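Chain A is the first sequence line, chain B the second, and so forth, proteins listed ahead of strands; every chain is numbered from 1. All figures in this text were calculated on a predicted structure; none of them were measured in a lab.
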Amino acid sequence: MRLSKLFGKTQREIPAEAETTSHQLLLRAGMIAQVAAGVYSYLPLAWRVLKKIENIIREEMDAAGGQELMMPVLQPLELWQETGRDQAFGKGLFKLCDRRDRNLCLGPTHEEVITKLVSQYVQSYRDLPLRLYQIQTKFRDEPRPRAGLLRVREFTMKDLYSFDTDEEGLSRSYNRMLEAYQNIYARCGLPTLLVEADSGAIGGKDSHEFMLVTETGEDEVIYCPECRYSANAEKAQSIKGEAHDKKPLPLEEVKTPGAATIEEVSGFLKIAPEDTLKAVFYAADNELIFVVIRGDLEVNEIKLKNALKCYQLRLATEAEVSGAGIVAGAASPVGLSNIKVVADDSVTLGANFVAGANKPETHLKNVNYPRDFTAAIVTDIAKAHAGESCPRCGGKLLSAHGIEVGHIFKLGTFLSQKLGAYFTDPDGVSRPIIMGCYGIGLGRLLAAAIEQNHDDKGIIWPAPIAPYQLHLCPLFFDNPEVAAATEKLYNELTEAGWEVLLDDRIESPGVKFNDADLLGIPVRITISPRTLEKDSVELKRRTEKKAEVVTLADLEVRLKELMAGESLKTAVD
RNA sequence: CGGGGUGUAGCGCAGUCGGCUAGCGCGCAGCGUUCGGGACGCUGAGGUCGGAGGUUCAAGUCCUCUCACCCCGACCA
């Protein structure tokens, strides 16, 4: 490809709208153009990268027993109502009406369609297992699209769905996909971290995310360097400290004038925060929920939402709290009857806590679970933090930021039951198909690759997904000798199967070198009167500062060595 | 949805108290001189000042409404 003909131009200045590095570089390199918030056009360079990523994914899916198919973006809303997931997606679902006022939506994902489809074709255990996938545009009306391609409303996603007869089968599919995903990232030259993830209110048991670790990722990962435990902060657990071994003492009321927060109460009574109970109020699908957690901990709202199995969760308003007869600042689970109480399991790990008395400026001492109060749900709903102890081995937990570039789930039978996807087992018994689903966002992976691989000059593409392999950079292209040698070399390299971007512009060396750095193609070949005197060219890897001089005769051999090194390097990481 | 911000040429920006033909840099076109890490000179093209309404002799500038985009938060299988 000739740079002079390539659609899309590099820009020297950083577009004002972009703050994230990958967003800035994608715009400056002329790879994407914004059409609306979270909606982009992909120019030829970006499209080539996407196609490379897509091909790697396709090969790995096929190798893992996947069969590719295609399903529609346009889907009847009814289908989503059947599973109730129109509620789960809420406003995230793009809805529209056809000319006959039928309700449709733009598919945010395709579990419903594929489950229905599979239900039509699968009757027997002999038809299973099945692994079907598609690479398709999906739509989600994100509350806040941001950071260029990292969070968009229209995006290309590979989704594979597995269908098995039993849990072992599901585990086989799941593990095979996990392996395939690791192959994909390795082949793309993008080292990822495998973390345990939240599967949401409707998801099944296991779920893992693949995180590309970057400084600016919007997800937080909690991990243990000792035993390699790692989990999304949404899901991460930690050891909540030793139970204070005290015998329950009788309840006692104390005046706590002017003390409302945990800090004030524990300061006033000269006790540690972990000897208090904190009360937090939420509205779960508009029902008031009283949440109790040990004073030193914080509520993880994702865990709480999962425990409650609700669609919407928000902090309750002051009016809702006082309307229920609760005294803010001295709220108490003791003696409550008409409000649902959810307790973090930390309340069972101690004794003689200080809690509110539900009277102004009054607290209770020696509150004990379950003697003095009970909860409808007692489970882990606390946030884990770096610095706390690992739930597996007790080591010190650390945290890192990452970008979620893949997510796999064991779904179970929720969807197959709702949509009637059953099979007959060898005993003639009808059973729901056990499902899993496995997704990768292609555009996000592209952007994440840049977040992870760049310098102050521009992008540094991992070789396997670079838009071109070679950047042929003639200096003084208006010099007839240079032009002739360049054209000859360009033809030879192209015919030999190399993907070459030729900077055929008559520009100063500085401009050409800077654009080459910005575009980030792995190997730059400089050709000029100076190199031609020695029948040679200059090779420079994007990752290196220095160039090497290679004779034209040795060029192909040397290029092969270099590229082998590039892919080797990225596969090992 | 709450808070903050920005809309002036393809991109980045300036535009005073409301006042004459709306500027600057980059980029773009032409010519010339240069050129191994974003060169220089000359010439030139390019604008519904986000949109609508209003105030005024006069609006990029003031007022009202509205739209879009960005950032923080809420939200986000």
May I have the distance from [X] (atom [atom1]) to [N] (atom [atom2]), rounded to whole angstrom?
X         : N       : atom1 : atom2 : result
Glu17(A)  : rG50(B) : CD    : P     : 17 Å
Phe155(A) : rC76(B) : CZ    : P     : 16 Å
His23(A)  : rC70(B) : NE2   : C1'   : 10 Å
Glu13(A)  : rG25(B) : CD    : P     : 12 Å
Asp503(A) : rG38(B) : CG    : C1'   : 13 Å
Ile506(A) : rC31(B) : CD1   : C1'   : 14 Å
Leu27(A)  : rC11(B) : CG    : C1'   : 11 Å
Phe476(A) : rC35(B) : CZ    : P     : 7 Å

Please report the distance separating the [atom1] of [N] from the corresponding atom of [M], rounded so that it comes out in whole Å.
N       : M       : atom1 : answer
rG7(B)  : rG53(B) : P     : 23 Å
rC42(B) : rG47(B) : P     : 24 Å
rG54(B) : rG18(B) : C1'   : 15 Å
rC11(B) : rC69(B) : P     : 15 Å
rG30(B) : rC72(B) : P     : 43 Å
rG23(B) : rU61(B) : C1'   : 15 Å
rC1(B)  : rG60(B) : P     : 32 Å

Got a sec: does the [atom1] of [X] have more than 12 other heavy atoms crowding it under 6.0 Å?
X         : atom1 : answer
Glu548(A) : CD    : yes
Lys488(A) : NZ    : no
Gln81(A)  : CD    : yes

[X] side-chain N/O to [Y] backbone N/O, donor-acceptor pair under 3.5 Å:
X         : Y         : value
Thr531(A) : Ile527(A) : no
Lys457(A) : Ala516(A) : no
Gln75(A)  : Pro72(A)  : yes

Please give the nucleotide sitting opposite [N] as a Watson-Crick or G-U wobble pair, both distances under 3.5 Å, or none.
N       : result
rA22(B) : none
rA14(B) : none
rC76(B) : none
rU34(B) : none
rC65(B) : rG51(B)
rA29(B) : rU43(B)

Is any side-chain nitrogen or oxygen of [X] closer than 4.0 Å to OP1 or OP2 of [N]?
X         : N       : value
Gln34(A)  : rC70(B) : yes
Arg144(A) : rC76(B) : no
Ser508(A) : rG38(B) : no
Arg140(A) : rC76(B) : no

Next item on the list: Determine whether the aromatic ring centres of Tyr438(A) and Tyr181(A) lie less than 6.0 Å apart.
Entry: no
Checklist line | Interface with RNA chain B, restricted to residues 441-454 of chain A and to heavy atoms under 4.0 Å | finding: none
Item checked: Residue-level proximity of residues 524-533 of chain A to RNA chain B when a heavy atom falls under 4.0 Å -> Arg524(A), Ser528(A), Arg530(A), Thr531(A)
Checklist line | Salt bridge present between Asp455(A) and Arg542(A) (N-O < 4.0 angstrom) | finding: yes
Note to self: Is it the case that rG10(B) (base atoms only) and Gln11(A) (side chain only) share a donor and an acceptor within less than 3.5 Å, ignoring hydrogens and angles?
What the structure shows: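 Flag unset: no donor-acceptor pair detected.
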Next item on the list: Hey, can you tell me if Phe139(A) and Phe94(A) have their rings parallel, tilted or perpendicular (30° and 60° cut-offs)?
Entry: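 Because their plane-to-plane angle is over 60°, the rings of Phe139(A) and Phe94(A) count as perpendicular.
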Next item on the list: Please work out whether the ring planes of Tyr40(A) and His23(A) are parallel, tilted or perpendicular, with thresholds of 30° and 60°.
Entry: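 Answer is perpendicular, since the angle exceeds 60°.
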Item checked: Exercise: do Glu451(A) and Ser22(A) side chains pair donor with acceptor under 3.5 Å ->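 A donor-acceptor contact under 3.5 Å links the two side chains.
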Under 4.0 Å between any heavy atoms, over every strand shown, what does [X] touch: base, sugar-phosphate, or nothing? Just pick one.
X         : value
Lys545(A) : nothing
Ala516(A) : nothing
Glu111(A) : base

Checklist line | Residue whose nearest RNA chain B nucleotide is more 5′ - Tyr161(A) or Thr10(A) | finding: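 Nearest nucleotide further toward 5': that of Thr10(A).
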Note to self: Here's a test of your reading of the structure: between Ala16(A) and Lys512(A), which maps to the more 5' nucleotide of RNA chain B?
What the structure shows: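 Upstream on the strand: Ala16(A).
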Next item on the list: Give, for atom OG1 of Thr192(A) and atom CD of Glu404(A), the distance between the pair rounded to the nearest 0.5 Å.
Entry: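 One gets 12.0 Å once the value is rounded to the nearest 0.5 Å.
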